[in-house]
*Asks:* 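Could you have a look at this structure, given as structure tokens, before my questions?
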Number of protein chains: 2
Amino acid sequence: MADGKAGGTKGGQALLFLTDEQLRKGIEAMFFAYRGFTADPDRILEKYGYGRAHHRAIHFISRAPGTNVNNLLGILGVTKQSLNRVLRALIEDGLVESRVGVQDKRERHLYLSESGKALEAELSEAQRARMRVAYREAGHEAVAGFRRVLEAMMDPDQAAYFNAMATKEDKG
Amino acid sequence: MADGKAGGTKGGQALLFLTDEQLRKGIEAMFFAYRGFTADPDRILEKYGYGRAHHRAIHFISRAPGTNVNNLLGILGVTKQSLNRVLRALIEDGLVESRVGVQDKRERHLYLSESGKALEAELSEAQRARMRVAYREAGHEAVAGFRRVLEAMMDPDQAAYFNAMATKEDKG
DNA sequence: ACTTTAAGTCAGTGTTGTTGACATTCCAAG
DNA sequence: CTTGGAATGTCAACAACACTGACTTAAAGT
């Protein structure tokens with residue numbers, strides 16, 4: 001494994017010759033790209049005194065309105081205490097509403113208020129704008145490849161959440 | 001922009017119809033994939049009492065041995081003070097050597113020691129292993145697309161650093 | 001009644017980022 | 001040669017956000 005070569009060991013698939021250098025380039029690309037990916041929302045969040053944790057909460061509440069805290073915990077992969085701090089701030093500021101469950105009164109169902117939706121839209125549009133440019137520059141087939149590699153890179157549990165959130169509009 | 005449609009406005013390139021939903025899926029894929037991407041190194045780092053910041057420093061020192069602090073600062077995009085804390089720990093633990101510059105005695109040139117190289121190899125191999133699996137699952141063309149999209153997603157400055165680190169081995 | 005589950009809270013700790021103040025070194029203008 | 005500014009790097013203090021662990025409250029399940 002220290003000889004710098006990997007892959008191409010005649011599996012059923014097409015051969016893939018991957019040098020350590022090529023893999024390393026992919027790793028660095030992830031690092032730099034993720035920074036670009038979060039840069040625009042970070043600037044917006046700063047205006048409101050929020051951080052990435054708040055963004056993530058807002059994003060997934062927007063994505064699955066009425067979700068409960070436990071579910072959000074699973075998606076975000078953080079501790080209860082950590083999420084709670086963020087959620088408390090968002091609720092106090094009136095961006096998120098927490099409603100007691102009807103069937104199960106222990107649960108709290110989370111929704112974005114109007115102002116919450118407004119911030120979500122602002123953050124989301126900034127991030128989509130960058131994504132759109134990147135997709136356009138890279139082209140149609142590149143996008144499909146991009147998605148395939150990312151999905152293969154996820155942990156199985158996370159991939160399950162990811163695919164569970166697929167909608168009818170999204171095929172491939 | 002609130003109508004959920006974007007792209008396909010007959011530019012010179014092939015048409016790209018991108019719904020907000022598709023873009024959002026890409027955003028979420030980045031989020032989940034990055035978590036998988038960092039999961040393995042995180043586990044290793046924990047054993048040694050280090051964090052991601054240490055990993056990044058080790059990675060780029062390994063990549064460009066003899067680099068000075070200022071250069072590293074530009075690559076990592078953090079403040080001098082933040083990097084310094086990390087560097088100090090690595091130097092105290094004997095993983096990194098800091099040598100006073102010959103031409104300019106203000107500069108400190110950074111190198112990995114033998115134990116530093118060993119940790120770098122451990123971290124790097126874990127991350128490459130995941131990358132390798134993802135690349136294999138996704139296939140050859142997907143990898144090219146993956147790289148193209150990531151590069152387009154970077155900030156221009158970061159993309160410059162990224163491309164500057166390209167080696168003769170890496171074409172495309 | 002007893003246990004489990006969902007949510008929230010309090011206290012303490014660690015990593016990582018920030019700003020501010022400071023030391024050293026280089027270089028160029030006077 | 002000296003002096004002042006710019007560049008390089010260091011030290012100290014603080015804020016954000018993650019973590020663990022222990023605990024409370026309320027509701028559901030058995």
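Every chain is numbered from 1, with letters handed out A, B, ... down the list of sequences.
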*Asks:* For Y48(B) and dT15(C), give me the distance from atom OH to atom C1', rounded to whole Å.
*Replies:* 19 Å
*Asks:* Determine whether the side chains of D93(B) and Y48(B) contain a donor N or O and an acceptor N or O closer than 3.5 Å.
*Replies:* no
*Asks:* Does a donor on one side chain and an acceptor on the other come within less than 3.5 Å for E107(A) and N70(A)?
*Replies:* no
*Asks:* Look only at the side chain of T67(A) and the backbone of H109(A), and say whether a donor-acceptor pair between them is shorter than 3.5 Å.
*Replies:* no
*Asks:* Over all heavy atoms of both residues, which pair between Q127(A) and F37(A) is shortest? Give the atoms and the distance, please.
*Replies:* NE2-O, 3.1 Å
*Asks:* CD of E107(B) versus C1' of dT24(C): gap in Å, rounded?
*Replies:* 13 Å
*Asks:* Let's test your reading of the model: under 3.5 Å, does the base of dT5(C) pair with the side chain of R106(A) as donor and acceptor?
*Replies:* yes
*Asks:* Should the side chain of Q81(B) and the base of dG20(C) be counted as holding a donor-acceptor pair, with the cut-off at 3.5 Å?
*Replies:* yes
*Asks:* Toward the 5' end of DNA chain C, which comes first, V78(B) or H109(A), by nearest nucleotide?
*Replies:* H109(A)
*Asks:* Between R56(A) and D104(B), just flag the one whose closest nucleotide in DNA chain D comes earlier from the 5' side.
*Replies:* D104(B)
*Asks:* Under 3.5 Å, is there a donor on one side chain and an acceptor on the other for H59(A) and E28(B)?
*Replies:* yes
*Asks:* Which residues in residues 83-103 of chain A have a heavy atom closer than 4.0 Å to any atom of DNA chain C?
*Replies:* N84(A), R88(A)
*Asks:* For L45(B) and dG14(C), give me the distance from atom CG to atom P, rounded to whole Å.
*Replies:* 17 Å
*Asks:* Heavy atoms only, 4.0 Å cut-off, all strands: where does G77(B) land among base, sugar-phosphate and nothing?
*Replies:* nothing
*Asks:* Respond yes when some side-chain nitrogen or oxygen of S82(B) is under 4.0 Å from OP1 or OP2 of dT16(C), and no when none is.
*Replies:* no
*Asks:* Taking for each residue the nucleotide of DNA chain D with the nearest heavy atom, is it K105(A) or G51(A) whose nucleotide lies nearer the 5' end?
*Replies:* G51(A)
*Asks:* Might you point out which heavy atoms bring Y135(B) and L23(A) nearest each other, and give the distance in Å?
*Replies:* CD2-CD2, 3.9 Å
*Asks:* I'd like to know if the side chain of R99(B) and the backbone of L110(B) have a donor-acceptor N/O pair within less than 3.5 Å.
*Replies:* no
*Asks:* Whole angstrom is fine here: how far is it from CG in L72(A) over to P in dG8(C)?
*Replies:* 11 Å
*Asks:* Are K25(A) and F162(B) in a cation-pi setup, meaning NZ or CZ lies under 6.0 angstrom from the ring centre and within 45 degrees of the ring axis?
*Replies:* yes
*Asks:* So H54(A), base contact, sugar-phosphate only, or nothing? Heavy-atom distance under 4.0 Å.
*Replies:* sugar-phosphate
*Asks:* What's the CZ-P distance between R52(A) and dT16(C), to the nearest Å?
*Replies:* 14 Å
*Asks:* Between R35(A) (CZ) and dT16(C) (P), how many Å, whole number?
*Replies:* 15 Å
*Asks:* Shoot me the first and last contacting nucleotide of DNA chain D against chain B, ordered 5' to 3', at under 4.0 angstrom to non-hydrogen atoms.
*Replies:* dA6(D) to dA12(D)
*Asks:* Can you tell me if CD on Q81(A) sees more than 12 non-hydrogen neighbours from other groups inside 6.0 Å?
*Replies:* yes
